[in-house]
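So the structure is just underneath, and the comments pick up after that.
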Amino acid sequence: MALPTLTPEQRAEALAKAAEARKARSELLANIKSGKESIDAVLNRAKEDKTVGKTKVTQLLKAVPGLGQVKVTALMEQAGIDPDRRAAGLGDRQREALINALK
């Protein structure tokens, strides 16, 4: 399936939108890392907030101070979550399992 050809204006618009999304995601991760936002509050608003919803759960967890790749992988396996899952795709039980494991 071929990608549609975009006009230069459409391409510039898409690039600006993507840059804005990356900036919002990096701010979110920085807020988690600094402690301004808790991971449970972020996960609970994943369905409503587009920025949170489209962020991978592994990225969100790695932003939590004290959690690295090994601990995040273990948490994801324990909760039965695919490593490529995005926050909006978490079920209620998966979200609760993650929040409880982090307490």
Side-chain angles (χ1 to χ4, degrees):
M1 183 171 160
L3 294 174
T5 306
L6 299 176
T7 65
E9 294 83 22
Q10 289 173 322
R11 181 171 164 75
E13 203 174 294
L15 288 171
K17 186 177 176 184
E20 188 177 313
R22 281 192 302 274
K23 183 179 180 214
R25 202 167 15 259
S26 71
E27 287 174 3
L28 170 70
L29 295 175
N31 285 342
I32 293 171
K33 187 168 259 180
S34 69
K36 290 180 184 174
E37 293 193 57
S38 66
I39 190 69
D40 51 341
V42 170
L43 288 174
N44 284 328
R45 72 169 201 259
K47 299 280 187 204
E48 302 89 39
D49 189 337
K50 200 181 243 187
T51 301
V52 176
K54 290 189 174 189
T55 305
K56 290 190 176 185
V57 177
T58 52
Q59 280 186 307
L60 292 172
L61 291 175
K62 285 180 192 175
V64 175
L67 291 183
Q69 180 64 46
V70 174
K71 287 183 183 177
V72 167
T73 302
L75 276 172
M76 297 285 280
E77 284 179 13
Q78 179 184 351
I81 302 170
D82 188 272
D84 293 327
R85 175 75 62 196
R86 297 191 185 270
L90 287 178
D92 292 334
R93 289 184 183 151
Q94 291 174 324
R95 186 174 27 264
E96 290 303 318
L98 274 180
I99 291 171
N100 290 336
L102 292 170
K103 289 183 180 182

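Considering only residues two or more places apart in sequence or on other chains, S38 meets the side chain to side chain donor-acceptor pair (under 3.5 Å) condition with D40. For R22, the side chain to side chain contact (heavy atoms under 4.5 Å, CB included) criterion is met by A18, A19, R25, not counting sequence neighbours. Checked against side chain to side chain contact (heavy atoms under 4.5 Å, CB included), E27 has the following partners two or more places apart in sequence or in another chain: K23. Residues meeting the side chain to side chain contact (heavy atoms under 4.5 Å, CB included) test with E48, sequence neighbours left out: R45. Here T5 pairs with nothing under the side chain to side chain contact (heavy atoms under 4.5 Å, CB included) rule; sequence neighbours left out. E77 meets the side chain to side chain donor-acceptor pair (under 3.5 Å) test with no other residue; sequence neighbours excluded. Here N44 pairs with nothing under the side chain to side chain donor-acceptor pair (under 3.5 Å) rule; sequence neighbours left out. By the salt bridge (Lys or Arg N to Asp or Glu O under 4.0 Å) test, R95 is found to be paired with D92, residues two or more places apart in sequence or in another chain being considered.
Separation of atoms OG (S26) and CD (Q59) is listed at 10.5 Å; rounding is to 0.5 Å.
Judged as a salt bridge (Lys or Arg N to Asp or Glu O under 4.0 Å), the pairs with a partner in residues 52-67 (not counting sequence neighbours) are, in order, K56-D84.
Counting non-hydrogen atoms of neighbouring residues, nucleotides and ligands closer than 6.0 angstrom, the CD atom of E20 reaches no more than 12 such neighbours. By the neighbour-count criterion of 12 heavy atoms within 6.0 Å, atom NZ of K33 is sparsely surrounded, having that number or fewer from other residues, nucleotides or ligands.
Under a 4.5 Å side-chain heavy-atom criterion applied to ILVMFWY residues, the cluster that includes L43 comprises L28, L29, I32, I39, V42, V52, V57, L60, L61, V64, L67, V72, L75, M76, I81, L90, L98, I99, L102 as well. Under a 4.5 Å side-chain heavy-atom cut-off, the cluster of Ile, Leu, Val, Met, Phe, Trp and Tyr residues that includes L15 has no other member.
In this structure, Q94 contributes its side chain and A79 its backbone to no donor-acceptor pair below 3.5 Å.
Of all heavy-atom pairs between T51 and D49, the closest is N-OD1, 3.0 Å.
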